[in-house]
There are 2 protein chains.
Amino acid sequence: MKNKKDENTEQKIIDTAERLFLEKGFAMTSTTEIAREVGCNQALVHYYFRTKEKLFEAIFEKKIKMFVKPFLESKDEYKPFEERLKNLIENHYELIKANPKVPFLFLNELLTNPVRLESLRKKIGDLPKMLLAKIDEDLKTEIKKGTIRPMNTIDLFISILSLNITIFLISPVLKNIINLSDDELNNIIENRKNENVLMILRCLKP
Amino acid sequence: MKNKKDENTEQKIIDTAERLFLEKGFAMTSTTEIAREVGCNQALVHYYFRTKEKLFEAIFEKKIKMFVKPFLESKDEYKPFEERLKNLIENHYELIKANPKVPFLFLNELLTNPVRLESLRKKIGDLPKMLLAKIDEDLKTEIKKGTIRPMNTIDLFISILSLNITIFLISPVLKNIINLSDDELNNIIENRKNENVLMILRCLKP
DNA sequence: GCTATAATTAATAGAATTATTAAATAATAT
DNA sequence: ATATTATTTAATAATTCTATTAATTATAGC
């Protein structure tokens, strides 16, 4: 019977690599360091994953899926647009809150490594465009009804993304520079979900 | 008389290093690569700057100053709060627009290197706190007057920062994934300044 | 117990990187 | 013209990192 402490070394390598990649990015994390933290020989990392790149990709892809999946499950609730939007923002926010370091990982790796960006594009294809088109439909309908002011879907999308990710991107810096306690930071994070919803809904008003 | 083409090698090294650091970050840029792009011997980079770290710090500090300076010049215009806030947002946006890769540099280096974060904190001290306190005063006055709704200064600050930086952080990814043309992206960027001002001012309303 | 397979390690090749040093070349001043 | 100083290069030490290989130890099946 496997002890929790003595679990699968392969899994331990994945977990440790994930933690380190999230903390310091791909370039700043060495397989040597991963092995050291796991407490195994460095060759073992390569035994299971052949290359550092493949190990990273396994983790990266997992995270991509985690962030794409919720947007595919179109719970086409027959609720008013505003309510659906509110849910979307809140769910997105909670997803990031549960994985606060992922936005930086995405940003860092997609910006510094063109290959990774290209492979992502190939993988997800025009899924983003389709999702945007779907919101666009709703938006146009509402605009015609006059319930919201004229605006581009892409702008709405950027606004939501901006508000939702940035607090998590900057929080370690903020905490240090403004000298925030854990509690203060948590309060801010707790408060921002509502703040973001409020801002988006207000900015839609005609 | 110095030819433009044949300018100062030291300056060429700084310029090239700056470009590469902004593009790929500190870790992914080697002094060998800088030298290759400059067209000089790799030892020359170390001759002028001793270490890669010192070269980076020179550039990093320049960028920090560039982004801190405008907020120190308190043009205490005797204009209404809303107008001053509008100016603040717009100036901040334009500053980033003129240096679109700097936000990522800051984020990347401050998040992946604790030493850099600590040294920044020591350098700027409680300047951020003081600037926040200053806005806080104004804000409290306006809230008392009832011209804006009750809200924390820090939340306002985060909202502005979120809206202003994110488009520049994500634009290379956005361009690729949504398949935007340069013109389309420029339009979005052009439009966002107003969008951001609008959102912030609206969210302040009681 | 014996054998086959899986997991793990030690050793190391090979490449890249930072940094230094000594020598060579160019520029400047006297 | 020569001495002095600044710039540049070639060579290389020292380190780190990825990846591979061969050998060793552990595990499971029969």
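Numbered from 1 within each chain, the chains take letters A, B, ... in sequence-line order.
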Practice item. Measure the distance from CZ on B:R36 to P on D:dA10 and round it to the nearest whole Å. Key: 16 Å
Check your understanding: Can you tell me how far CG of B:L139 sits from CG of B:N152, rounded to the nearest 0.5 angstrom?
Key -> 8.5 Å
Check your understanding: Has the side chain of B:D136 got a donor or acceptor atom that lies under 3.5 Å from a matching backbone atom of B:L132?
Key -> no
Exercise for review: Give every residue pair that meets the side-chain hydrogen bond (donor to acceptor under 3.5 Å, both in side chains) criterion with at least one member in residues 21-30 of chain A, sequence neighbours excluded.
Suggested key: A:K24-A:E33
**Study point:** Six-ring centre of B:F168, B:K97 cation under 6.0 angstrom, axis tolerance 45°
**Key:** no
List, one per line, each side-chain donor-acceptor pair under 3.5 Å for residues 58-69 of chain B, sequence neighbours excluded.
unit_1, atom_1, unit_2, atom_2, d
B:E61, OE1, B:K123, NZ, 2.9
B:K62, NZ, B:E18, OE1, 3.0
B:K63, NZ, B:E18, OE2, 2.9

Exercise for review: Heavy atoms under 4.0 Å is the rule here; annotate nucleotides 7-19 of chain C 5' to 3' with B where the base is hit, S where only the sugar-phosphate is, and - elsewhere.
Suggested key: BBBB------SBB
